[in-house]
Every structure is written in C-alpha cells, then in structure tokens.
2 protein chains.
Amino acid sequence: MSMRETVNLRRLSEVLGLSQTTVSRALNGFPEVNEKTRARVVEAAQRLNYRPSASAASLATGKACAIGHVVPLAEHMMINPHFSDFLAGAGEVYAQFGYEMLLRVVAQAEEADVYRDFASRSRVDGVVVHGPLTNDPRIPLLKSLGLPFVVHGRSDDGTGDYSWLDVNNRRAFCRATGFLADLGHRRIALINGLEAMNFASRRRQGYESVLADRGLEQDPSLIFSEDMVEPYGHRVARQLFSSPRPPTAILVSSVLPAMGVVRALAELGIRPGADVSIIAFDDCLSFLQPASDGKARDVPFLTAMRSSIREAGRRVAEMLLEQIAAPDGGRRHELWEAELVIGETTARCPVEQTPLPAAAKS
Amino acid sequence: MSMRETVNLRRLSEVLGLSQTTVSRALNGFPEVNEKTRARVVEAAQRLNYRPSASAASLATGKACAIGHVVPLAEHMMINPHFSDFLAGAGEVYAQFGYEMLLRVVAQAEEADVYRDFASRSRVDGVVVHGPLTNDPRIPLLKSLGLPFVVHGRSDDGTGDYSWLDVNNRRAFCRATGFLADLGHRRIALINGLEAMNFASRRRQGYESVLADRGLEQDPSLIFSEDMVEPYGHRVARQLFSSPRPPTAILVSSVLPAMGVVRALAELGIRPGADVSIIAFDDCLSFLQPASDGKARDVPFLTAMRSSIREAGRRVAEMLLEQIAAPDGGRRHELWEAELVIGETTARCPVEQTPLPAAAKS
DNA sequence: TTGTAGGCGTTATCAA
DNA sequence: TTGATAACGCCTACAA
C-alpha cells in the first residue's frame with residue numbers, strides 16, 4: 001500500500017459522509033460532538049492516516065506552532081556543545097507540546113534580519129535569545145517586532161522588562177574564588193569567556209569582588225577572556241606556567257578550556273590538585289557524562305560550579321510556551337544557583353602549606 | 001513606528017494601485033512584468049516591510065521550504081558534538097538557499113512517527129538520516145512515504161538505492177592500523193563506537209582485516225564498543241592499563257573518548273606517543289579547533305584520521321536540496337577519504353625497539 | 001448535534 | 001503587460 005497520496009480533510013469528510021466542520025471539531029476535541037460520531041471520525045482518521053496540513057492549520061489559526069533559535073556563526077565558529085545541549089533540552093519540551101524547533105545558522109551580523117524575517121513571515125510564535133550582551137540590541141528589536149521571547153541569561157538593559165532565566169554567575173564565581181582563597185591560594189588566574197557576554201562579565205565581577213574583599217593582589221596578567229574552546233585553555237595554561245610567577249589556582253569558565261588546561265598540565269608534569277588547583281564552571285555537557293549504569297558515581301575529577309545547561313534549555317522552553325499561551329501573564333524571571341561540587345582538582349595551596357620552593361613548575 | 005501590524009499582499013497591492021497578481025509576479029521575478037512597475041513594487045515592499053507569509057506560500061505552492069532532522073534522545077543521551085557540528089554545516093546551506101532547518105528531539109523509538117508526521121502534515125520537503133544501522137528500517141519507511149532523503153553514512157541494505165554521503169571508514173581504519181603495525185605495534189586496542197551503527201562495524205572490519213593480513217593476534221579483550229563519550233575512553237584506558245598485557249597502541253573512534261584516554265594516561269603517568277601510541281578518528285569538532293589567528297598551525301597533538309563532519313553536513317544538505325529540486329535526478333553517492341594526519345601521539349613501539357621491560361605501566 | 005459559508009495570504013490559470 | 005478568479009487545506013462564526 002502506497003501512502004503517497006496525502007488525504008485531506010475534505011477526503012476524510014467525504015469518506016465519512018460528514019461535513020468538514022464536524023470532522024474538524026471531532027478531531028480537535030470540541031465538546032459538542034456526539035461521542036459516537038467522534039469515535040467514527042477518529043477511527044477513520046487513524047485508518048486513512050489523516051493529519052492536518054501544517055501550513056493550512058497555521059494559515060487558518062495564525063499560530064506557527066514553532067519556536068526559532070538563531071545559531072550565530074562567528075568566523076570559524078561554531079555551534080558549540082553548550083549551545084547544543086541547551087537545544088537538546090529545549091527540543092524535548094517543544095516536541096512534547098507539539099511545537100517545532102526551527103534553527104537558523106547565520107552570521108552574527110544577520111541575526112536581526114532573521115528576527116525580522118521570522119516576524120514578518122509569521123514563521124515562529126516566539127524565539128529564544130542566546131548569549132545576551134549587556135544592553136543587547138536584540139531585546140528592543142524583538143519588542144518592537146512583537147515577537148515573544150525568553151532570554152537565556154540577562155542583558156542588564158536597566159529595565160529588566162523581559163523574561164529571562166539565568167544562573168547566578170556572580171555568586172558562583174564568588175563562592176569558587178572564596179573557596180580557593182580559603183585553601184590558601186593567593187594567585188588565582190581566571191580563564192573567562194568573552195566578556196562582551198553578560199554572563200562572563202558577571203563572572204569576572206564575582207571573582208574580582210572576592211579578591212578585593214580579601215585584599216588579594218589583582219594581577220591583570222592572570223585574567224583571560226576568549227571563546228571557550230579547548231585549545232584556549234591549553235594555550236593559556238602553557239603561557240601561565242612558563243611565566244616567572246605562575247598562579248597556584250585557576251578558575252575556568254567552562255569545562256572545555258578546562259580540558260585544555262589539564263592537557264597542558266599533563267605535558268608539563270604538573271599535577272592538578274596537588275600542584276595547582278582548578279575549578280571550572282560545569283554545564284553538565286552530555287558528552288562528558290559517564291553512561292549511567294546504575295552504579296554510584298565516583299568522586300568527580302574536576303571541582304566545579306555546576307548547573308545543567310540542558311535543564312536550563314527545558315525550563316526556558318517552558319517559560320516561552322507559557323508566555324505564548326498567556327501573552328498578558330507578565331514577565332518571568334528565574335535565577336538559578338550553581339552547585340559547588342568538590343572533585344580532585346582542588347587542594348590546599350602547596351606554597352603556603354610548605355613555605356619552601358614549590359614543586360617544579362617549569 | 002510600530003511594526004506590529006503585518007502587511008500582506010492585499011494591503012501592498014492596494015497601496016500600489018495594482019492587482020495582487022502583478023505584485024506577486026513582480027516580487028517573484030516573473031519576466032513579463034514591466035520593469036518600471038517592478039521597481040515600484042520592490043520599493044514599496046521594502047518600505048512597508050512586506051514579506052510573504054510562510055504558511056500561505058507553503059499552502060499555495062505545496063513546498064514547505066524546510067528540511068527535517070531527527071535528534072535521537074537515547075536514555076541519558078544527547079545531542080552530541082558530532083551531531084551538532086554536522087547540523088552547523090547543514091544549517092549554513094539551508095540558510096543560504098532559503099530553507100528552514102527543523103529539529104525534532106525525540107526518543108529513538110518515536111523516530112518513525114516523526115517521519116510519518118513530517119510526511120502527512122507536509123512539514124518538510126526532505127530529511128537527513130543520521131547514524132544509519134545496517135539494514136536501517138528508516139530507509140524503506142521514507143521511500144514508502146515518498147519523502148526525499150539523504151543518508152549520512154550507509155546502511156548496506158543490499159540495494160544501495162538511496163542517496164548517501166559517507167567517509168571511507170573501513171579504509172581509514174585499515175590505514176591507521178597498518179600505520180601502527182609499521183611502527184612495530186603488535187597489540188593494538190580498538191575503542192570503537194556502537195557497532196550497531198554501520199560506520200562502527202566498518203571501522204572494525206578495517207582494523208580486523210589488517211590484523212589478519214599481517215598475522216597479528218586478534219584479542220577480543222582489546223576491543224570495545226560503546227557510545228563515544230569522554231568517560232568511556234577514560235574507563236577503558238584505565239582498564240586496559242591495569243591488565244597484565246596492556247596494548248602498546250590504541251585506535252579510538254572519536255576524539256571524545258580519545259580525550260578520556262589521554263586523561264587516564266596522565267593519571268597513570270603513561271606518556272602518549274612515547275609509551276603508548278594513539279590514533280583517533282577526528283571529525284574536526286569545532287570546540288577543539290584553535291582560533292584561527294592567521295598563524296601557521298602547530299603539529300597537532302593527536303595523530304588522527306581526519307574528515308570534517310561539518311563539511312559533510314554542508315555537502316549532504318546540498319545533495320538533498322538538489323534532489324528535491326530534481327526528483328528524477330537519480331541517486332547520488334559520495335565516498336570521502338579521511339586524511340591520515342601525524343601528530344605527537346604515535347611513535348615506534350617501545351617494546352620492540354628495546355626488547356626490555358617497557359616503561360612502568362601499572 | 002451538525003452543516004454552510006467565508007476567510008486565512010499566497011500562487012497559478014486563464015482571459016483581457 | 002495586467003487583472004479577475006480559483007485553488008491550496010484548514011478553522012470558525014453563524015445558521016439550522
């Protein structure tokens with residue numbers, strides 16, 4: 001049996017000897033339909049494999065039943081693992097509620113055009129804003145377009161008049177820095193993300209405020225701000241440990257550069273934990289999770305501030321769908337705290353513990 | 001100026017004092033339109049920010065201008081970096097040709113339903129099949145649905161009657177195994193992907209055929225087959241090097257488990273290259289690429305069989321769009337060879353070179 | 001409880 | 001070169 005001919009509402013209603021209206025109502029769960037009729041209709045629809053055409057339904061209802069995500073395609077960059085885990089979470093929710101996830105991979109400069117296109121062509125019912133900058137121009141643009149949106153992160157536009165979900169990045173980096181300071185570390189490096197991004201500048205604020213509070217030296221040569229890829233961490237770590245005064249601890253904004261740091265340390269014969277403490281922000285990226293075989297988890301390798309970005313994706317998607325369902329429901333804001341999880345890469349500062357020459361670090 | 005009211009074809013034609021027909025033709029580049037008229041129309045459309053409604057256009061033309069991708073959501077799994085880099089490549093092409101990329105994140109068991117939904121609701125004009133199994137049931141299903149598709153990989157269904165793009169995985173693993181054997185390695189482990197997947201079983205074939213050809217021992221305890229995540233490589237490497245007869249070389253099916261292997265070796269004090277040779281299949285995942293700062297690249301760390309999965313995504317997307325444009329154009333097949341790139345993780349087998357006790361490997 | 005008729009915003013056919 | 005007019009397939013007042 002070839003299923004190639006698509007059966008539409010008219011065909012189905014003809015087969016049933018009913019009007020299109022009744023069939024439509026029966027399938028869409030209207031209460032006034034006779035239950036016997038409904039049963040007949042549902043059965044026939046199933047048998048003939050009828051489903052309403054997406055574009056016809058959209059046209060008639062004005063709802064696209066789709067959410068847009070724009071993937072910025074910077075230079076030689078990339079749909080990175082943070083991004084894709086977020087999408088995985090959001091996508092689960094969309095699928096569950098019958099929404100389509102629509103992805104546009106375009107150069108960053110064209111992002112505004114995409115939103116205009118989404119709006120004027122009624123392609124989507126809403127969008128998620130990724131990687132907000134401080135005073136991000138996308139926010140006023142989306143407002144003016146009347147396109148519902150939720151921001152993953154915050155933009156600090158002064159008004160706060162938009163829905164967002166964010167991790168408390170400042171607090172997370174405060175706690176991590178404080179934790180290292182408590183262990184006796186005095187020279188703490190920060191391998192941060194791009195500080196044009198709001199989350200990264202917040203992280204730096206957290207780090208710097210603790211250094212200031214505790215009267216620790218603030219050395220600009222210990223601070224880095226780039227795209228969070230593995231080779232970045234590798235390069236910076238090699239640079240740091242070839243300098244005359246290397247740090248005794250490092251804060252890293254993502255496990256990706258943290259892996260690079262660990263790789264560099266291995267090459268240099270420096271032991272994470274024993275010789276240098278490392279704390280990374282851990283988004284629970286899926287490819288780093290051990291297969292859950294029911295066994296209890298070991299002590300994690302990396303000490304980390306942890307918050308699942310995939311869970312964030314789920315929640316942001318839910319918030320957006322709620323907002324679309326109830327446009328006048330007001331803005332929603334959620335601020336999540338990251339866990340501080342102790343692994344094997346942090347220990348008391350060896351320099352302080354034994355005020356003798358530290359382990360060879362060339 | 002609020003742009004919230006969407007201007008449609010009727011409004012635009014009223015403003016211009018023309019019929020909808022003429023306006024539509026002018027905008028869609030029909031040749032019979034007076035050039036002066038066309039100029040007027042284009043100008044007005046731009047000024048009023050008119051764009052045809054996506055669903056209305058779809059309904060009228062029967063084209064969805066969208067391509068579907070199904071992201072399998074296994075257990076605690078994941079939209080992994082291989083997948084997302086492929087999507088990034090494909091997405092570039094779609095955006096370029098005015099196609100939408102549509103993602104469905106669903107449990108593996110529901111994938112067939114998604115295709116049925118796509119087809120019966122005319123949601124998409126085609127789909128990409130990811131991670132084909134041998135005799136993959138999705139292929140006959142998609143054929144029966146009349147939904148155009150291209151397979152990333154091959155399914156070996158006997159007929160080959162479908163379009164695909166694949167890397168020559170067998171040859172790549174032949175070459176890599178041969179290269180290690182040439183370096184004097186006799187005990188070579190294989191940390192493979194899930195061999196239910198066609199690509200993984202081909203890789204194993206390549207590996208085994210070279211062992212057989214060269215009369216090397218085939219030890220089943222050196223072969224592993226799991227999901228290609230980082231902790232997998234870590235766990236297996238620890239297991240291998242706590243065994244009485246560890247391998248002197250390891251083939252790894254992805255850089256993700258390879259990173260885990262390297263991490264385990266670091267913990268054990270075993271040096272990649274010098275003590276154990278490692279070759280990984282490198283899909284050129286973006287988060288592992290150094291920022292291209294114009295400088296010449298260093299010697300890569302990992303010796304690898306290399307083929308850009310993102311480039312594959314681009315090409316698969318092109319093939320699919322071509323097939324949609326010319327449905328009778330026949331099947332297209334492309335088999336890509338992976339490069340063998342020498343890095344720092346391969347060297348002559350130390351055991352053979354010095355037939356003395358190898359470096360401590362406990 | 002069911003049916004009729006009109007509209008959603010395009011594109012496409014035919015006539016002028 | 002332009003314009004009526006009819007699809008496209010669904011939803012939804014309004015009427016029966």
Side-chain angles (χ1 to χ4, degrees), chain A residues 5-42 44-45 48-66 98 100 117-125, chain B residues 5-42 44-45 48-66 98 100 117-125:
Chain A
E5 8 64 51
T6 279
V7 35
N8 57 19
L9 191 59
R10 176 161 55 190
R11 264 287 298 279
L12 181 60
S13 63
E14 284 168 1
V15 168
L16 284 162
L18 289 168
S19 73
Q20 295 189 28
T21 314
T22 303
V23 176
S24 173
R25 282 195 281 230
L27 293 174
N28 291 334
F30 280 55
E32 67 260 28
V33 179
N34 183 316
E35 279 310 322
K36 276 184 188 164
T37 315
R38 190 196 304 280
R40 267 183 66 216
V41 170
V42 168
L48 298 183
N49 192 36
Y50 166 78
R51 312 218 203 149
S53 144
S55 47
S58 284
L59 186 56
T61 60
K63 316 249 77 188
C65 281
E100 216 65 66
D117 185 66
F118 279 161
S120 57
R121 310 195 59 187
S122 309
R123 270 262 183 211
V124 300
D125 301 313
Chain B
E5 10 65 49
T6 279
V7 36
N8 58 18
L9 191 59
R10 178 161 55 193
R11 263 289 297 279
L12 182 59
S13 63
E14 284 168 2
V15 169
L16 283 161
L18 289 168
S19 72
Q20 296 188 28
T21 315
T22 303
V23 174
S24 174
R25 281 194 283 231
L27 292 173
N28 291 334
F30 280 54
E32 66 260 28
V33 179
N34 183 316
E35 280 310 322
K36 276 184 188 162
T37 315
R38 189 195 305 278
R40 267 182 65 216
V41 170
V42 168
L48 298 183
N49 192 35
Y50 166 78
R51 311 215 206 152
S53 144
S55 48
S58 284
L59 186 57
T61 60
K63 316 249 78 189
C65 281
E100 217 65 65
D117 185 66
F118 278 162
S120 58
R121 312 195 57 188
S122 308
R123 270 261 183 213
V124 300
D125 301 312

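Chain A is the first sequence line, chain B the second, and so forth, proteins listed ahead of strands; every chain is numbered from 1. Keep in mind that this is a model prediction, so the values were computed, not measured.
- Residue Arg38(A) is the one, among Arg38(A) and Ala57(B), whose nearest nucleotide of DNA chain C lies closer to the 5' end (criterion: closest heavy atom).
- Using a 4.0 Å heavy-atom distance criterion, Arg121(B) is classed as making no nucleic acid contact.
- Side-chain N or O atoms of Arg10(A) include none that pairs as donor or acceptor with a backbone N or O of Gln20(A) at under 3.5 Å.
- Residue Leu9(A) is classed as a sugar-phosphate contact, given heavy-atom separations below 4.0 Å to backbone atoms only.
- Rounded to an integer number of Å, the gap from Gln20(A) CD to dA7(D) C1' is 13 Å.
- Summarising the geometry, the separation between NZ on Lys63(B) and P on dC8(D) is reported as 17 Å, rounded to the nearest angstrom.
- Not a single donor-acceptor pair under 3.5 Å links the side chain of Ser55(B) to the backbone N or O of Ser58(A).
- Taking the nucleotide of DNA chain C with the nearest heavy atom to each of Arg25(B) and Pro52(B), the more 5' of the two is matched to Pro52(B).
- Asn28(A) places no side-chain N or O within 3.5 Å of a backbone atom of Phe30(A) that could act as its donor or acceptor partner.
- Across the protein-nucleic acid pair, Asn8(B) atom CG and dC8(C) atom C1' stand 10 Å apart, rounded to whole Å.
- Between dC8(C), dT2(D), dT1(C), one nucleotide has an atom nearer to the side chain of Arg10(B) than all others, and that is dC8(C).
- For dT10(C), the OP1/OP2 oxygens have no side-chain nitrogen or oxygen of Ser53(B) closer than 4.0 Å.
- Nucleic acid contact class of Ser122(A) (heavy atoms, under 4.0 Å, all strands): none.
- We find that CG of Leu27(B) is positioned 8 Å from P of dT11(C), with the value rounded to whole Å.
- The nearest whole Å value for the distance from the CG atom in Leu16(B) to the P atom in dG3(D) is 10 Å.
- Remark: P of dA16(D) and CD of Glu32(A) are 18 Å apart, rounded to the nearest angstrom.
- Of the possible polar contacts, none joining the Arg123(B) side chain to the Ala64(B) backbone as a donor-acceptor pair under 3.5 Å is found.
- With rounding to whole Å, Arg51(B) atom CZ is found 13 Å from dT10(C) atom P.
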| said: The test is side chain to side chain donor-acceptor pair (under 3.5 Å); show your working for Thr22(B) and Ser19(B) and say whether it passes. | reply: CA-CA 5 Å; Thr22(B) 303; Ser19(B) 72; 3.1 Å; yes

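- The base of dT12(D) lies close enough to the side chain of Thr21(A) for a donor and an acceptor atom to sit less than 3.5 Å apart.
- dT11(C) atom C1' lies 15 Å from atom CG of Leu12(B), rounded to whole Å.
- Comparing Ser19(B) and Leu59(A) against DNA chain D, the residue whose closest nucleotide sits nearer the 5' end is Ser19(B).
- As judged by a 4.0 angstrom heavy-atom cut-off over every strand, Thr61(A) is placed among residues touching the sugar-phosphate backbone only.
- Residue contacts for Ser58(B): at a heavy-atom cut-off of 4.0 Å it reaches no nucleic acid atom on any strand shown.
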